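From a predicted model like this one, the values you see are computed outputs, not experimental measurements.
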Amino acid sequence: LSGSSSNQSLLLGANALTITNASGTFSGVITSTSGLTLSGGAETLSGANTFGVGAVVKSGANLTVANNTALGASTLGVTVEPGGTLTASGTTAFANPISVSGAGVGGSGALKWATVSSNTAFSGPITLNGDTVIGGVDGYLRLTGLISETTPSAITAKSGFFAITNVNNTYSGGTTIANSAMLWVG
């Protein structure tokens, strides 16, 4: 799925969108009363899209969101399965609830940010379904939503600078700083 024209649209009605072997950027508008599944490859969505249910990022897939509503309304959940990656790009303040675990595609991080000059935030609640790696380039990522867990889980910061700012987090596995990562808590 690719296309750079902002006047392009993909009207799916009640049909779900499943992307396999992705390798593109789509900046048009996707409208569906169903959801999105990325099952392989790398796709960037930068349009203000409308979905009726959330999104799933499967193992081996990297979904980049470059718009606060790239995955629809902020109430719709995103599941990042082990081996999948959700990447935020630019100055995105991505508020959708995220359910995540694993190290991401190639161990680079299940949650990532993509641009050096970014001031990116995952501001919605994050549920850890197992140990989770967070990584990115030398930009800045803020995790401002409540971080909880379904099973004892830890966060490993792999690279870049990130902040965990919600003082009510309930995950129990702790936070490990690896490689050249820097963490601010507060």
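- The two residues Ser34 and Ala16 make their nearest non-hydrogen contact at OG-CB, 3.4 Å.
- Counting only heavy atoms from C-beta outward, the side chains of Thr79 and Val57 never approach each other to under 4.5 Å.
- Linking ILVMFWY side-chain heavy atoms closer than 4.5 Å, directly or via other members, places Leu146 and Leu143 in two distinct hydrophobic clusters.
- For the pair Leu71 and Leu63, the minimum side-chain heavy-atom distance is below 4.5 Å.
- For Asn49 (side chain) and Gly72 (main-chain N/O), no donor-acceptor pair under 3.5 Å exists by modelled atom type.
- At least one donor-acceptor pair under 3.5 Å links the side chain of Ser39 to the backbone N or O of Ile19.
- The two residues Asn168 and Asn166 make their nearest non-hydrogen contact at N-OD1, 2.8 Å.
- The closest side-chain heavy-atom distance from Val100 to Leu86 is not below 4.5 Å.
- In this structure, Thr31 OG1 and Leu12 CG are separated by 8.0 Å, a value rounded to the nearest 0.5 Å.
- The nearest pair of heavy atoms linking Gly130 to Ser101 is N-CB, 3.6 Å.
- A donor-acceptor pair under 3.5 Å is absent between the side-chain atoms of Thr127 and the main chain of Ser148, judged by distance alone.
- Within the model, atoms OG of Ser89 and CG of Leu45 stand 11.5 Å from one another, a figure rounded to the nearest 0.5 Å.
- Cluster annotation: Leu10 is connected to Val65 through the hydrophobic network of ILVMFWY side chains, with a link wherever side-chain heavy atoms come within less than 4.5 Å.
- Residues Leu111 and Ile126 meet the side-chain proximity criterion, which asks for heavy atoms closer than 4.5 Å.
- Looking at Ser32, its side chain does come within 3.5 Å of a backbone N or O of Asn15 through a donor-acceptor pair.
- A donor-acceptor pair is defined here as one N or O able to donate and one able to accept, closer than 3.5 Å; such a pair exists between the side chain of Asp131 and the backbone of Ala154.
- One N or O on the side chain of Thr85 and one on the backbone of Val105 form a donor-acceptor pair closer than 3.5 Å.
- Contacts of Lys58 classified as salt bridge (Lys or Arg N to Asp or Glu O under 4.0 Å), with partners at least two apart in sequence or in another chain: Glu81.
- Separating the CZ atom in Phe26 from the OG1 atom in Thr44 is a distance of 12.5 Å, to the nearest 0.5 Å.
- A distance of 12.5 Å separates NZ of Lys112 from CD1 of Ile134, quoted to the nearest 0.5 Å.
- Atom CZ of Phe51 sits about 10.0 Å away from atom OG1 of Thr69, to the nearest 0.5 Å.
- A heavy-atom distance below 4.5 Å is found between the side chains of Ile155 and Ile147.
- Residues Leu76 and Val78 fall within the same hydrophobic cluster, defined by Ile, Leu, Val, Met, Phe, Trp and Tyr side chains chained together at heavy-atom separations under 4.5 Å.
- Using a 3.5 Å distance cut-off with no hydrogens or angles, the side chains of Asn62 and Thr87 do pair a donor with an acceptor.
- The main-chain N or O of Thr75 is never found under 3.5 Å from a side-chain atom of Asn96 such that the two would form a donor-acceptor pair.
- Scanning both residues, Ser46 and Ser27, for their nearest heavy atoms gives OG-CB, 3.0 Å.
- Here CD1 of Ile30 is found 10.5 Å from CD of Gln8. Values are rounded to the nearest 0.5 Å.
- Under the 4.5 Å side-chain heavy-atom criterion for Ile, Leu, Val, Met, Phe, Trp and Tyr, Ile177 and Leu128 are members of the same hydrophobic cluster.
- The side-chain contact (heavy atoms from CB on, under 4.5 Å) check on Ala103 picks up Val133, with sequence neighbours excluded.
- The shortest side-chain heavy-atom distance between Ser153 and Thr132 does not fall under the 4.5 Å cut-off.
- Ring geometry, Phe162 versus Trp113: the interplanar angle falls from 30° to 60°, so the pair is classed tilted.
- Closest of all the heavy-atom pairs between Ala22 and Glu43 is CB-OE1, 3.5 Å.
- Nearest heavy atoms, Pro97 versus Ser74: CD-O, 3.2 Å.
- Although no hydrogens or angles enter the test, the distance criterion places no donor-acceptor pair under 3.5 Å between the side chain of Thr151 and the main chain of Glu149.
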**Request:** Go through the steps for Tyr171 and Ile164 under the test side chain to side chain contact (heavy atoms under 4.5 Å, CB included), then give the verdict.
**Result:** CA-CA 12 Å; Tyr171 69 99; Ile164 297 175; 3.5 Å; yes

